[in-house]
2 protein chains.
Amino acid sequence: MDTNEYEDFLSNLKSYQGNPKCFLLQSLEILHGKWTAKIIFHLLKSESMRFGDLKKAIPAITNTMLTTTLRALEQQEILNRRQYNEIPPHVEYFLTEKGSALLPIFYELWHWGKIYPIENGISE
Amino acid sequence: MDTNEYEDFLSNLKSYQGNPKCFLLQSLEILHGKWTAKIIFHLLKSESMRFGDLKKAIPAITNTMLTTTLRALEQQEILNRRQYNEIPPHVEYFLTEKGSALLPIFYELWHWGKIYPIENGISE
DNA sequence: CTGCATCCCGAGGGATACTG
DNA sequence: CAGTATCCCTCGGGATGCAG
């Protein structure tokens, strides 16, 4: 973690006066969907995954939601779609640089959750 | 950022095989509400705030949602409620240690959003 | 000032079946 | 294999009014 950068953040935080361009809250919107984080999570550890791989990794997700979420993430340039023109179809999804840069956020979330575990554990 | 801790995280990430106790995704649930992050955000910079202060800081929120979100955060021990038995009523909200520990997550979100700004800026 | 009660709405998400 | 097409429904959130 860059110390100067961190100071910058703190001073920005303190001086915030309702500024609409708030990086922080915008970033959070990226992760808002029910499945968004799970998909990014699996792509962070696997370089690239096919549609079916993601379905296997996240059994509860439906085709519709997987497609919808993937499309949304693609549009936000979090991930890319690589299509091989074969029969049967073969499509791979992988994080962009922007998507991979989410790793530190995931680390901090993990770290926080480890220190302050949730009592009412989430079942699924 | 602790390097050993980070290595731990990476190895956990790689070896994840559908483990239901996923700190990462549980932590994310904390921030899911529409107003949750905004409230924490304002408390991070102000030590303590009254109900009315939060309403002024987040004009778009309704009484109902402010109350609901505050109660939820209180139950999760993110913040505490201090009530002064005065007329008129006087209540203050402030982050717990657990709540304050969210700061690094907010820093990383801010940092990421600064590097990769969102084109279709969020209006409000 | 700080909230609760009530009623209401729509978007986000789910189920199922079908296709190139 | 990798999706579309439809239809359906829950529930998170909004509006308004009242109360201690």
Side-chain angles (χ1 to χ4, degrees), chain A residues 25-26 28-43 46-76 78-95 120 122-124, chain B residues 25-26 28-43 46 48-76 78-94 120 122-124:
Chain A
L25 297 175
Q26 285 187 354
L28 213 51
E29 299 244 339
I30 297 289
L31 304 173
H32 252 159
K34 180 169 180 182
W35 305 105
T36 314
K38 296 197 184 186
I39 291 175
I40 295 174
F41 175 76
H42 285 287
L43 288 177
S46 301
E47 292 296 323
S48 107
M49 291 184 89
R50 302 180 56 166
F51 189 90
D53 294 335
L54 284 165
K55 276 224 68 172
K56 255 169 273 165
I58 314 170
I61 200 171
T62 59
N63 283 358
T64 314
M65 286 318 298
L66 182 48
T67 305
T68 306
T69 312
L70 285 171
R71 291 283 182 279
L73 289 175
E74 192 186 354
Q75 198 176 348
Q76 288 165 124
I78 302 290
L79 55 79
N80 272 141
R81 206 182 105 99
R82 184 182 297 129
Q83 180 166 359
Y84 301 85
N85 285 320
E86 301 170 358
I87 308 276
H90 180 169
V91 180
E92 301 216 330
Y93 296 94
F94 56 97
L95 295 179
N120 322 336
I122 292 143
S123 51
E124 186 260 344
Chain B
L25 297 174
Q26 285 188 353
L28 214 51
E29 300 244 339
I30 298 288
L31 304 173
H32 254 158
K34 180 170 179 181
W35 305 104
T36 313
K38 295 195 184 185
I39 291 175
I40 296 174
F41 175 76
H42 285 288
L43 288 176
S46 301
S48 107
M49 291 183 89
R50 303 180 55 166
F51 191 89
D53 294 336
L54 284 166
K55 277 223 66 172
K56 256 169 270 163
I58 314 171
I61 200 172
T62 60
N63 283 358
T64 314
M65 286 318 298
L66 183 49
T67 304
T68 306
T69 312
L70 286 171
R71 289 286 180 277
L73 289 174
E74 192 186 355
Q75 199 176 349
Q76 287 164 124
I78 303 289
L79 56 80
N80 272 143
R81 208 182 103 98
R82 184 183 296 131
Q83 180 167 359
Y84 301 86
N85 286 319
E86 302 171 355
I87 307 278
H90 179 169
V91 181
E92 300 214 331
Y93 295 94
F94 56 98
N120 321 336
I122 292 144
S123 52
E124 189 260 342

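Here is how names work: the chains are called A, B, and so on, in the same order as the sequence lines, proteins then strands, and each is numbered from 1.
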Item to check | Interface residues of residues 48-56 of chain B with DNA chain D (non-hydrogen, below 4.0 angstrom) | outcome: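 None - not one residue of the stretch has a heavy atom sitting under 4.0 Å from the strand.
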Checklist entry - Looking only at atom types and distance, does a side-chain atom of A/Q76 sit under 3.5 Å from a main-chain N or O of A/A72, one as donor and one as acceptor? => result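 Checking the backbone N and O of A/A72 against the side chain of A/Q76, a donor-acceptor pair under 3.5 Å is found.
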Next on the checklist: Under a 3.5 Å distance rule, please check whether B/T36 uses its side chain to pair with a backbone N or O of B/H32 as donor and acceptor.
Outcome noted: no
What is the distance from [atom1] of [X] to [atom2] of [N], rounded to the nearest Å?
X: B/H90; N: C/dT2; atom1: NE2; atom2: P; value: 7 Å
X: B/L70; N: C/dT2; atom1: CG; atom2: C1'; value: 11 Å
X: B/E74; N: C/dG3; atom1: CD; atom2: C1'; value: 13 Å

Next on the checklist: Could you walk me through whether A/K34 and A/T69 satisfy the side chain to side chain contact (heavy atoms under 4.5 Å, CB included) test, starting with their C-alpha distance in whole Å, then the side-chain angles of each, then the deciding distance to 0.1 Å, before giving a yes or no?
Outcome noted: CA-CA 9 Å; A/K34 180 169 180 182; A/T69 312; over 6 Å; no
[atom2] on [Y] to [atom1] on [X], rounded to 0.5 Å:
X: A/K38; Y: A/L43; atom1: NZ; atom2: CG; result: 14.5 Å
X: A/W35; Y: A/I61; atom1: CH2; atom2: CD1; result: 5.5 Å
X: A/L54; Y: A/L66; atom1: CG; atom2: CG; result: 5.5 Å
X: B/M49; Y: B/L70; atom1: CE; atom2: CG; result: 10.5 Å

Next on the checklist: Tell me whether A/Q83 at atom CD has more than 12 heavy atoms from other residues, nucleotides or ligands lying less than 6.0 Å away.
Outcome noted: yes
Checklist entry - Given A/L25 and A/E29, is the side chain to side chain contact (heavy atoms under 4.5 Å, CB included) satisfied, shown in steps? => result CA-CA 7 Å; A/L25 297 175; A/E29 299 244 339; 5.8 Å; no
Checklist entry - Just checking B/Y93: base, sugar-phosphate only, or nothing, at a heavy-atom cut-off of under 4.0 Å? => result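 Contact class for B/Y93: sugar-phosphate only.
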Checklist entry - Any side-chain heavy atom of B/L79 within less than 4.5 Å of one from B/I40? => result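 A side-chain contact is absent here, since even the closest heavy-atom pair is not under 4.5 Å.
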Checklist outcome for this item: Given protein heavy atoms under 4.0 Å, the one-letter contact record of nucleotides 4-20 of chain C, with B base, S sugar-phosphate only and - none, is simply BB-------SSBB---B
Next on the checklist: Quick check for you: name the first and last nucleotides of DNA chain D, 5' to 3', having an atom under 4.0 Å from a heavy atom of chain B.
Outcome noted: D/dG13 to D/dG20
Item to check | Relative orientation of the end axes in the helix from C/dC1-D/dG20 to C/dG20-D/dC1, expressed as an angle to the nearest 10° (five pairs per end) | outcome: 60°
Using atom types as modelled, flag every donor-acceptor pair under 3.5 Å from a side chain in residues 85-93 of chain B to any protein atom, sequence neighbours excluded.
unit_1: B/H90; atom_1: NE2; unit_2: B/E92; atom_2: OE2; d: 3.3
unit_1: B/E92; atom_1: OE1; unit_2: B/S48; atom_2: OG; d: 2.8
unit_1: B/Y93; atom_1: OH; unit_2: B/R81; atom_2: NH1; d: 3.4

Checklist outcome for this item: For B/L28, the side chain to side chain contact (heavy atoms under 4.5 Å, CB included) test, sequence neighbours excluded, returns A/L31, A/A37, A/L109
Checklist entry - If you take all heavy atoms of A/T64 and A/T68, which pair is closest and at what distance? => result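 Scanning both residues completely, I find the closest heavy atoms to be O-OG1, 2.7 Å.
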